[in-house]
S.K.: 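Structure incoming, see below.
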Amino acid sequence: MHGPVLRSGVSSLYVRPLYPRKGERISLCVSADRSLVKWVRITVIENDNLFRYKMEKTADDGLYDVYTAKISSSDAEIRYWFEAELKDGSDCYLSARGVFDYLCSWKDAFVLKQDLDVPSWVPSSVCYQIFPDRFCNGDPGVGAKEGEYEFDGCKVRQMAWNDKPLPYSQGHCLDFFNGDLAGIASKADYLKSLGVTAIYLNPIGCSRTTHRYDCTDYFHVDPKLGGDDGYARMLKALHEAGIRVITDISINHTGTDHPWFISASEGGPEEEFYYRNSRGGFDCWFDVSTLPQLNYNSARLRDLIYRNEDSVLQKFLRAPFSQDGWRLDVATSVGNHDKERMCHEIWREVREQLKAIRPDVYLVGEDWDDSSEYLKGDQWDATMNYVGCSRPLRRWMGERDRFFWVSDNRPGKVTPYTAKQLKSHLENQLNSLEGQMVFQQMNLIDSHDIPRLHCHKEIFDRNLYKGAVMMQFLLPGMPCIYYGDEIGIEGPMGSVENCRYPMVWDKERWDSDMYGFYVSLGKLRHEFSEALSEGQWEFGFCDDEVLEFRRQGNFQKVVLVMYRGEGERTVSEIDVEGMRDWFSGETIKKLTLKNRVSRILVE
């Protein structure tokens with residue numbers, strides 16, 4: 001069965017090395033249908049001129065010949081496409097947009113950035129998000145105490161672990177379950193059982209609330225979690241277990257109890273750190289009165305946040321912490337105020353400062369929409385991929401899109417995506433990013449900010465849900481599990497607090513089928529890392545019910561067939577004969593799909 005006449009892409013299958021340095025010799029490859037193609041050449045844009053180079057036939061697999069060109073360049077990026085003469089005398093062209101029978105536009109060229117510093121560990125990782133107060137209590141000697149302090153007109157509540165989080169109207173985010181850093185460290189073996197190699201922690205800095213986005217001290221870890229020493233011990237334990245740590249921070253705003261803001265309110269020198277308004281107060285992020293926005297017109301503020309060696313963003317990358325990355329809260333708001341637009345400038349400065357210390361530090365920005373302007377290799381490494389993973393997969397299940405909700409945290413249902421619609425959404429988002437940056441994205445379904453999809457009982461279907469999670473794990477980038485999804489943790493619709501239930505450690509209360517499913521996907525990511533880390537991605541056959549998605553390395557191939565149809569169906573259009581079903585072990589002779597059950601095939 002033949003596919004496109006030409007195949008290539010920015011991946012480890014076709015580009016070696018995938019992250020070249022300037023002047024380094026690079027092998028660029030293309031696969032050509034040997035029954036149709038006479039010869040192939042590569043066209044490279046150099047110094048705003050086109051140069052065409054002959055390609056040598058270096059391999060074949062019976063259906064496709066592999067052509068290779070070796071080039072080097074001192075440009076910041078290499079832009080190129082392929083041109084072929086067909087055996088019938090016609091010609092065709094392959095660019096990042098696909099195969100066409102007309103000349104390529106420069107804007108459609110494949111782009112390969114040189115001297116790009118991105119963390120090489122991300123594409124092969126499995127991530128796990130932890131809301132620290134709700135994961136595990138490992139040190140009864142730390143934590144918030146009942147009535148310990150008052151904030152925003154309310155007092156601290158000390159909850160029992162089996163209690164349910166209070167709605168904001170009752171708890172005001174002061175209902176502490178006292179999960180802590182020692183508890184996270186104690187669960188290293190559990191994380192490893194899921195195949196987890198990185199965790200993403202919600203904020204851990206000193207603060208008043210359970211979510212800790214209302215920072216009162218950037219430079220120290222909240223004593224209620226175990227303090228600086230507890231954080232260093234946790235990092236050491238997790239690093240020894242082979243687990244990296246990405247920690248959340250908001251440098252867009254502080255809490256109102258931050259000493260900087262108290263000084264600003266009294267007319268002190270830190271007044272320049274905030275935006276005073278005409279009403280005699282200070283402007284706050286989205287008018288949330290407890291979160292005053294920081295003003296990056298202040299050079300001193302920039303020094304304290306990221307430019308000085310002892311700045312907050314640098315401090316925790318250095319010993320004794322050696323944290324591996326930062327998740328950047330409300331990242332598209334930072335530096336933007338009224339008509340001021342400093343956001344891109346600030347993130348370029350942050351990247352330059354932090355990559356100088358740790359080239360492999362991971363910088364992932366929170367953004368719910370198209371982040372492509374931040375993902376060109378000069379600002380973030382990644383986004384929390386709501387737009388390219390969570391939102392389309394939730395729509396596949398029939399959930400109304402986040403920005404069409406009528407009632408907050410009650411998503412409601414809508415006509416589900418067909419397989420064709422899902423393909424269009426996913427492919428559009430993947431193609432919007434620079435080729436090398438695709439492999440850095442943090443692919444999630446749930447988080448602390450959105451109801452858990454498996455708890456949306458109005459639309460939940462176990463088979464469709466498993467198909468969505470399979471796609472999450474096969475998309476290029478790093479899948480990120482939200483704690484408890486793997487055991488079917490409770491979390492009804494209606495309040496953001498309900499997606500922050502305390503983790504369940506009683507195995508009798510686990511959804512054992514779901515846990516085994518996630519464990520199996522973790523094993524898949526590791527055993528087929530050569531294909532799933534930086535291997536080529538490609539959509540294949542697609543109709544309203546069936547979607548084929550392929551990942552291929554030099555030695556491995558993984559195929560996902562998503563299916564939303566009712567009843568049994570045999571699909572002859574997808575060539576997987578001889579491949580093995582990852583879950584059942586069956587060797588495929590003909591591909592048969594059962595009622596809404598998706599399949600992963602490996603080779």
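Side-chain atoms are counted along with the backbone in the values below, which use heavy atoms only and exclude waters and symmetry mates. Just so you know, residue 1 is the first one in the sequence shown, and it goes up from there.
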S.K.: Do Trp582 and Ser520 pair up side chain to side chain, a donor and an acceptor below 3.5 Å, judged on atom types alone?
M.R.: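 Their side chains do contain a donor-acceptor pair, which is all the 3.5 Å distance test asks for.
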S.K.: Taking the six-membered ring for Trp, is the centroid-to-centroid distance between Phe517 and Phe583 below 6.0 Å?
M.R.: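 Close enough - the centres of the two rings lie under 6.0 Å apart.
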S.K.: Using the test salt bridge (Lys or Arg N to Asp or Glu O under 4.0 Å), find all partners of Arg212 that sit at least two apart in sequence or belong to another chain.
M.R.: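 Expected list: Asp222.
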S.K.: Is Asp324 reaching over with its side chain to a backbone N or O of Val245, donor-acceptor style, under 3.5 angstrom?
M.R.: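 It does hold such a pair.
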S.K.: Using a 4.5 Å cut-off on heavy atoms from C-beta on, say whether the side chain of Met493 contacts that of Pro411.
M.R.: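 They are in side-chain contact.
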S.K.: With sequence neighbours excluded, give me every salt bridge (Lys or Arg N to Asp or Glu O under 4.0 Å) pair touching residues 484-494.
M.R.: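 Pairs touching residues 484-494 that pass the test: Lys164-Glu490, Arg452-Asp485.
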S.K.: Taking all heavy atoms of Tyr218 and all of Ser250, pick out the closest pair and write down the distance.
M.R.: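 Of all heavy-atom pairs spanning Tyr218 and Ser250, the closest is OH-O, 2.8 Å.
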S.K.: Could you check if a side-chain atom of Gln436 sits within less than 4.5 angstrom of a side-chain atom of Val118, using non-hydrogen atoms only?
M.R.: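 No; the side chains remain at least 4.5 Å from each other.
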S.K.: Is the backbone N or O of Val221 less than 3.5 Å from a side-chain atom of Asp228, with the two atoms forming a donor-acceptor pair by type?
M.R.: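 Answer holds: yes.
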S.K.: Once the angle between the rings of Tyr168 and His172 is folded into 0 to 90°, is it parallel (under 30°), tilted (30 to 60°) or perpendicular (over 60°)?
M.R.: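 Because their plane-to-plane angle lies in the 30° to 60° range, the rings of Tyr168 and His172 count as tilted.
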S.K.: Verify, without hydrogens or angle tests, whether Asn137 (side chain) and Asp180 (backbone) share a donor-acceptor contact under 3.5 angstrom.
M.R.: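 Flag not set: sc Asn137 to bb Asp180 has no pair under 3.5 Å.
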S.K.: Atom OG of Ser495 and atom CZ of Arg410: how far apart are they, to the nearest 0.5 Å?
M.R.: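 If we round to the nearest 0.5 Å, Ser495:OG and Arg410:CZ are 9.0 Å apart.
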S.K.: Check salt bridge (Lys or Arg N to Asp or Glu O under 4.0 Å) between Asp511 and all other residues, then give those that pass, not counting sequence neighbours.
M.R.: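 With sequence neighbours excluded, Asp511 shows a salt bridge (Lys or Arg N to Asp or Glu O under 4.0 Å) to Arg462, given in chain and number order.
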S.K.: Go through the steps to decide whether Arg233 and Leu181 satisfy the test side-chain contact (heavy atoms from CB on, under 4.5 Å), and finish with yes or no.
M.R.: CA-CA 9 Å; Arg233 287 192 297 270; Leu181 301 173; over 6 Å; no
S.K.: Does the side chain of Asp370 pick up a donor-acceptor pair with the side chain of Ser372 at under 3.5 Å?
M.R.: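 A donor-acceptor contact under 3.5 Å links the two side chains.
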S.K.: Run the numbers on Asp369 and Arg391 for salt bridge (Lys or Arg N to Asp or Glu O under 4.0 Å), then give the verdict.
M.R.: CA-CA 10 Å; Asp369 294 299; Arg391 289 169 68 181; 2.9 Å; yes
S.K.: Taking all non-hydrogen atoms of both residues, which atom of Met384 and which atom of Tyr200 are closest, and how far apart?
M.R.: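 Closest approach of Met384 to Tyr200, heavy atoms only: CE-CE2, 3.9 Å.
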S.K.: Is there a side-chain contact between Leu194 and Val519 (heavy atoms, below 4.5 Å)?
M.R.: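 With C-beta onward as the side chain, the pair touches.
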S.K.: Does any part of the side chain of Lys224, heavy atoms only, come nearer than 4.5 Å to the side chain of Val156, both counted from C-beta?
M.R.: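 They are not in side-chain contact.
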S.K.: By salt bridge (Lys or Arg N to Asp or Glu O under 4.0 Å), which residues pair with Asp175, not counting sequence neighbours?
M.R.: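 Scan of Asp175 (salt bridge (Lys or Arg N to Asp or Glu O under 4.0 Å), adjacent residues dropped) gives Arg134.
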S.K.: Considering residues at least two apart in sequence or located in another chain, which fulfil the ring pair (Phe, Tyr, Trp, His ring centres under 6.0 Å) criterion with Tyr362?
M.R.: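 Here the qualifying residues are Trp121.
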S.K.: With a cut-off of 6.0 Å (strictly less than), are more than 12 heavy atoms of other residues, nucleotides or ligands near CZ of Arg157?
M.R.: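 Check fails, neighbour count at 12 or below.
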S.K.: Please answer whether the main-chain N or O of Met442 pairs with a side-chain N or O of Asn385 as donor and acceptor at a distance below 3.5 Å.
M.R.: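 It does not hold such a pair.
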S.K.: Mark yes or no for whether Gln421, through its side chain, and Thr418, through its backbone, hold a donor-acceptor pair below 3.5 Å.
M.R.: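 Flag set: sc Gln421 to bb Thr418 pair under 3.5 Å.
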S.K.: Roughly how far, to the nearest 0.5 Å, is OH of Tyr386 from CZ of Arg402?
M.R.: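 Interatomic distance, Arg402 CZ to Tyr386 OH, rounded to 0.5 Å: 9.0 Å.
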S.K.: Any side chain to side chain donor-acceptor pair (under 3.5 Å) pairs touching residues 463-478, not counting sequence neighbours?
M.R.: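 Qualifying pairs: Tyr465-Tyr518, Lys466-Asp513.
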S.K.: With sequence neighbours excluded, tell me which residues meet salt bridge (Lys or Arg N to Asp or Glu O under 4.0 Å) with Asp329.
M.R.: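 Only Arg327 meet the salt bridge (Lys or Arg N to Asp or Glu O under 4.0 Å) criterion with Asp329.
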S.K.: Do the side-chain N and O atoms of Tyr19 and Ser120 include a donor-acceptor pair separated by under 3.5 angstrom?
M.R.: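 No, Ser120 and Tyr19 have no side-chain donor paired with an acceptor closer than 3.5 Å.
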S.K.: Suppose the criterion is ring pair (Phe, Tyr, Trp, His ring centres under 6.0 Å): which pairs have a residue in residues 429-458, not counting sequence neighbours?
M.R.: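 Applying ring pair (Phe, Tyr, Trp, His ring centres under 6.0 Å) to every pair that reaches into residues 429-458, excluding sequence neighbours, yields Tyr213-His448.
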S.K.: I'd like to check Ile574 versus Val546 (side-chain heavy atoms, cut-off strictly below 4.5 Å). Are they in contact?
M.R.: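 The answer is yes; the side chains approach within 4.5 Å.
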S.K.: Check whether any side-chain heavy atom of Tyr306 sits under 4.5 Å from a side-chain heavy atom of Arg351, and report yes or no.
M.R.: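 A side-chain contact under 4.5 Å is absent here.
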S.K.: If you round to the nearest 0.5 Å, how far is CZ of Phe528 from CD of Gln552?
M.R.: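 That separation rounds to 12.5 Å.
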S.K.: Give me the atom names and distance for the closest heavy-atom approach of Ile357 to Gln314.
M.R.: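 Heavy-atom minimum between the residues: CD1-OE1, 3.0 Å.
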S.K.: Report the distance from atom SG of Cys542 to atom CD of Glu548, rounding to the nearest 0.5 Å.
M.R.: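 Spacing of SG (Cys542) from CD (Glu548) equals 9.5 Å.
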S.K.: side-chain contact (heavy atoms from CB on, under 4.5 Å) between Leu524 and Ile600: does it pass, once the steps are laid out?
M.R.: CA-CA 10 Å; Leu524 174 75; Ile600 292 176; 3.9 Å; yes
S.K.: Identify the heavy atoms of Asp446 and Tyr482 that sit nearest to each other, and give their distance.
M.R.: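 Smallest interatomic distance, heavy atoms only, reads O-CB, 3.7 Å.
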S.K.: Can you list the residues that meet the side chain to side chain contact (heavy atoms under 4.5 Å, CB included) rule with Glu508, with sequence neighbours excluded?
M.R.: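 So Glu508 forms a side chain to side chain contact (heavy atoms under 4.5 Å, CB included) with Asp506.
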S.K.: Among residues two or more places apart or on two chains, list those pairs meeting salt bridge (Lys or Arg N to Asp or Glu O under 4.0 Å) that have a residue in residues 522-540.
M.R.: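 Sorted pair list: Arg7-Glu538.
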S.K.: To the nearest 0.5 Å, how far apart are CH2 in Trp347 and CG in Leu328?
M.R.: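 Atom-to-atom, Trp347:CH2 and Leu328:CG are 4.0 Å apart.
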S.K.: If you apply the rule side-chain contact (heavy atoms from CB on, under 4.5 Å), what do you find for Gln323 with Leu201, and how did you get there?
M.R.: CA-CA 11 Å; Gln323 177 184 305; Leu201 295 180; over 6 Å; no
S.K.: With the side chain counted from C-beta on, respond yes when Leu225 and Val142 share a heavy-atom pair under 4.5 Å apart, and no when they do not.
M.R.: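 SC-SC contact between Leu225 and Val142 ruled out.
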S.K.: For Arg509, is the CZ atom crowded, meaning more than 12 foreign heavy atoms sit under 6.0 Å from it?
M.R.: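 Result for CZ/Arg509: open.
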S.K.: List the atom of Ile243, the atom of Lys192, and the distance in Å for their closest heavy-atom pair.
M.R.: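 Heavy atoms only, the tightest pair is CD1-CG, 4.1 Å.
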S.K.: Between CZ of Arg550 and CG of Leu560, what distance do you get to the nearest 0.5 Å?
M.R.: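 Between atom CZ of Arg550 and atom CG of Leu560 there are 11.0 Å.
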S.K.: Which residues pass the side chain to side chain contact (heavy atoms under 4.5 Å, CB included) test with Arg400, not counting sequence neighbours?
M.R.: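 Per chain and number, Arg400 pairs via side chain to side chain contact (heavy atoms under 4.5 Å, CB included) with Phe404, Trp405, Val414.
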S.K.: Looking only at heavy atoms, which two atoms of Leu464 and Trp396 are closest? And how far apart?
M.R.: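 Looking at all heavy atoms of both residues, the shortest contact is O-NE1, 3.6 Å.
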S.K.: Only one of Arg394, Arg564, His425, Lys423 forms a side chain to side chain donor-acceptor pair (under 3.5 Å) with Tyr417, so which one is it?
M.R.: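 Among Arg394, Arg564, His425, Lys423, the one meeting side chain to side chain donor-acceptor pair (under 3.5 Å) with Tyr417 is His425.
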S.K.: Keeping Ser371 on the side-chain end and Tyr374 on the backbone end, is there a donor-acceptor pair under 3.5 Å?
M.R.: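 Side chain of Ser371 to backbone of Tyr374, a donor-acceptor pair under 3.5 Å: no, none is there.
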S.K.: Can you pull the salt bridge (Lys or Arg N to Asp or Glu O under 4.0 Å) pairs that have at least one residue in residues 199-208, sequence neighbours excluded?
M.R.: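 Output for this query lists Arg208-Asp257.
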S.K.: Taking atom types as modelled and ignoring hydrogens, do the side chains of Thr209 and Asp214 form a donor-acceptor contact shorter than 3.5 angstrom?
M.R.: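 The criterion, which ignores hydrogens and geometry beyond distance, is satisfied for Asp214 and Thr209.
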S.K.: For residues Gln441 and Pro476, determine if any side-chain heavy atom of one lies less than 4.5 Å from a side-chain heavy atom of the other.
M.R.: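 They are not in contact (no side-chain heavy atoms under 4.5 Å apart), so the answer is no.
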S.K.: Could you walk me through whether Val561 and Phe541 pass the side-chain contact (heavy atoms from CB on, under 4.5 Å) check?
M.R.: CA-CA 9 Å; Val561 183; Phe541 174 76; over 6 Å; no
